[in-house]
Amino acid sequence: MPDLSLPMLPASPTPPPAHARQEADLMRQLRPSRIVLPALIGLSVVAFLFWRSYKPGDLAPLLHAKWQWLFITLLVLWARDLGYIYRIRSISERELSWRQAFSVIVVWEFASCVLPSAAGGTAAAPVILTREGIPLGKALAYTIVTAFLDNLYYVLMVPLVVWLAADGLYPHGLQSAFVQTLRVLFIFSYVAVSAYAGLLLYALFVNPHSVRRLLVRLTSLRFIRRFRRLAYRQGQEMVNASAQLRDAGAAYWWRACLSTAFVWTARYAVIGCLIAAFAPMTTGTFLFIFARNITYKVILLLAITPGGAGIAEGAFPTFFGRFMGTAAMTSFLVLLYRIVTYYFYLALGVAYLPRWLAGRGHKKGPAPITERGQ
């Protein structure tokens with residue numbers, strides 16, 4: 001799944017062998033055996049939550065579940081995935097067919113599940129796009145666009161959710177030191193994402209060459225000098241992306257912005273829909289849960305496990321347990337939430353990846369980068 005983490009775009013290698021090695025490394029990371037560890041970690045944490053909290057009768061609310069809300073949850077998930085497919089096809093200027101866009105999103109989501117949360121599927125996106133026949137320069141440009149829009153959504157939504165939730169943005173009942181740490185991390189993540197979004201905005205639409213120079217100068221400092229070559233490549237990718245997107249019209253950006261707002265809003269709405277199936281729900285409570293979800297995602301930024309496995313399950317009761325009544329029901333909701341947003345995509349990726357590798361994308365190699373990134 002594409003995350004709120006700062007996207008770590010892979011360096012754009014000039015010689016084809018380097019790109020081939022990068023692609024081979026990615027395919028190794030996406031091999032089906034990689035799902036075993038995150039699945040075991042996540043399910044072990046859920047099992048522990050059940051073992052610690054279950055008492056006879058605690059799951060009685062399942063008999064009175066509001067099935068219409070479960071159906072709405074499925075609709076939201078399907079709408080979100082269709083939105084992702086529409087968005088990548090629009091951002092790629094319809095160079096991808098609907099079937100290719102579906103393939104890209106399936107593999108992208110799978111990459112988000114098996115790679116650490118800090119990297120997410122964004123790091124794999126250029127390779128995925130080039131295997132569908134998109135030239136490497138364009139693939140990098142489209143990846144930068146998605147990274148920019150995802151971060152822009154976060155930057156614009158945080159003030160709204162802070163206004164909605166106020167002090168309730170952070171869970172009560174925790175040690176004050178932890179809450180203070182969480183508050184600092186939340187502020188730091190917002191500043192970092194805002195700075196990154198601003199950098200991309202300036203690079204894409206104003207002066208990408210000055211951004212490249214800035215990155216190179218910053219990495220001239222002794223203690224980070226080893227990143228200088230990477231900084232130059234990242235800056236060059238922004239220059240190429242700006243050239244590639246210079247002629248994109250207003251309609252292109254409207255479609256990209258609206259589809260981004262749609263998919264992320266749907267993504268954050270899933271937890272509220274699931275809770276509404278088992279507990280009383282008002283519009284205010286739903287919006288409050290939506291707002292707290294933003295803080296919950298900050299925790300996942302720290303996860304070093306694939307797809308945040310274990311961290312997502314362990315932190316969930318702290319943020320949303322108060323809405324479910326009993327700890328056992330919260331544990332059940334954790335399992336259900338991860339099934340529909342994580343384990344489903346693990347299974348889908350394992351089933352689909354071999355077919356994708358054997359298909360057109362596997363046979364069609366990436367085109368070289370030209371001066372315009374095409």
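Values below: every heavy atom of this structure, side chains too, minus hydrogens, waters and symmetry copies.
Interatomic distance, Ile144 CD1 to Ile91 CD1, rounded to the nearest 0.5 Å: 12.0 Å. The line from OG of Ser194 to CG of Leu199 is 12.5 Å long, rounded to the nearest 0.5 Å. We find the CZ-OH distance between Phe148 and Tyr196 to be 11.5 Å, quoted to the nearest 0.5 Å. Once rounded to the nearest 0.5 Å, the distance linking CG of Leu82 with CZ of Arg80 reads 10.5 Å. Considering CD of Gln100 and CD of Glu132, their distance stands at 4.5 Å, rounded to 0.5 Å. From Leu77, atom CG reaches atom SG of Cys273 across 8.5 Å, with rounding to the nearest 0.5 Å.
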- In sequence, state the C-alpha distance, the side-chain angles, and the governing distance for Met281 and Ile275, and then conclude on side-chain contact (heavy atoms from CB on, under 4.5 Å). CA-CA 8 Å; Met281 182 66 65; Ile275 292 176; 3.7 Å; yes
- Task: Would you sort out whether Phe320 and Val334 count as a side-chain contact (heavy atoms from CB on, under 4.5 Å), showing the intermediate values?
- Result: CA-CA 9 Å; Phe320 305 105; Val334 172; over 6 Å; no
- Intermediate values then yes/no, side chain to side chain donor-acceptor pair (under 3.5 Å), Thr285 and Thr282: CA-CA 5 Å; Thr285 302; Thr282 64; 2.9 Å; yes
- Could you go through the side-chain contact (heavy atoms from CB on, under 4.5 Å) check for Leu70 and Leu74 one step at a time? CA-CA 6 Å; Leu70 294 176; Leu74 291 178; over 6 Å; no
- Check the pair Val106, Asp81 against side-chain contact (heavy atoms from CB on, under 4.5 Å), reporting the backbone distance first and the verdict last. CA-CA 9 Å; Val106 169; Asp81 291 340; over 6 Å; no
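Side chain of Tyr337 to backbone of Ile271: no donor-acceptor contact under 3.5 angstrom is found. Asn293 places no side-chain N or O within 3.5 Å of a backbone atom of Ile289 that could act as its donor or acceptor partner. Panel note: side chain Glu109, backbone Tyr345; no donor-acceptor pair is recorded below 3.5 Å. One N or O on the side chain of Thr146 and one on the backbone of Thr143 form a donor-acceptor pair closer than 3.5 Å.
Taking Ile, Leu, Val, Met, Phe, Trp and Tyr as hydrophobic and joining them when side-chain heavy atoms fall under 4.5 Å apart, one finds Phe188 isolated, its cluster having no other members.
Linking ILVMFWY residues whenever their side-chain heavy atoms come closer than 4.5 Å, directly or via other members, places Leu62 and Val340 in the same cluster. Linking Ile, Leu, Val, Met, Phe, Trp and Tyr residues whenever their side-chain heavy atoms come within less than 4.5 Å leaves Leu258 and Val155 in two separate clusters. In the hydrophobic clustering of this structure, Leu274 groups with Tyr342; members are Ile, Leu, Val, Met, Phe, Trp, Tyr whose side-chain heavy atoms approach within less than 4.5 Å, directly or through other members. When the side chains of ILVMFWY residues are joined at heavy-atom separations under 4.5 Å, either directly or via intervening members, Ile311 and Phe48 end up in two distinct hydrophobic clusters. A single hydrophobic cluster is not seen to contain both Trp51 and Ile41; linkage of ILVMFWY side chains at heavy-atom distances under 4.5 Å, directly or through other members, places them apart.
For the pair Leu149 and Cys257, the minimum side-chain heavy-atom distance is below 4.5 Å. Residues Tyr190 and Pro159 are in side-chain contact: their nearest non-hydrogen atoms beyond the backbone lie under 4.5 Å apart. With contacts defined as side-chain heavy-atom distances shorter than 4.5 Å, the pair Pro126/Tyr142 does not qualify. The closest side-chain heavy-atom distance from Tyr154 to Ile294 is below 4.5 Å. Contact of the Leu200 side chain with the Val145 side chain is not registered, since no non-hydrogen atoms from C-beta on lie closer than 4.5 Å. Side-chain contact between Arg131 and Val127 is present, with heavy atoms from C-beta onward closer than 4.5 Å.
Closest non-hydrogen pair, Pro135 versus Glu95, comes out as CD-OE1, 4.3 Å. Considering all non-hydrogen atoms of both residues, Cys113 and Leu346 come closest at CB-CD2, 3.5 Å. Smallest separation of non-hydrogen atoms from Lys66 and Ala279: NZ-O, 3.8 Å. Closest heavy-atom contact between Pro354 and Gly349: CD-O, 4.5 Å. Across all non-hydrogen atoms, the minimal contact from Ala309 to Gly42 is CB-N, 4.3 Å. The shortest non-hydrogen separation linking Trp356 to Ser103 is CD1-CB, 3.7 Å.
Just one residue in the list Phe186, Phe319, Phe290, Tyr268 forms a ring pair (Phe, Tyr, Trp, His ring centres under 6.0 Å) with Tyr296, and that residue is Phe319. For the ring pair (Phe, Tyr, Trp, His ring centres under 6.0 Å) test with Tyr352, the passing option among Trp108, Phe110, Phe102, Phe344 is Phe102; the others fail. For the side-chain contact (heavy atoms from CB on, under 4.5 Å) with Leu335, the qualifying choice from Leu43, Thr330, Leu49 is Leu43, the only one to do so.
Applying the salt bridge (charged side-chain N to carboxylate O under 4.0 Å, His left out) definition to pairs two or more places apart or across chains, none involves residues 190-201. A side chain to side chain donor-acceptor pair (under 3.5 Å) check over residues 251-262, counting only residues at least two apart or in different chains, returns the pairs Arg87-Thr260.
In this structure, Phe332 has its ring center closer than 6.0 angstrom to the ring center of Phe278.
Remark: the Arg89 side chain and the Tyr84 side chain contain no N/O donor-acceptor pair separated by less than 3.5 Å.
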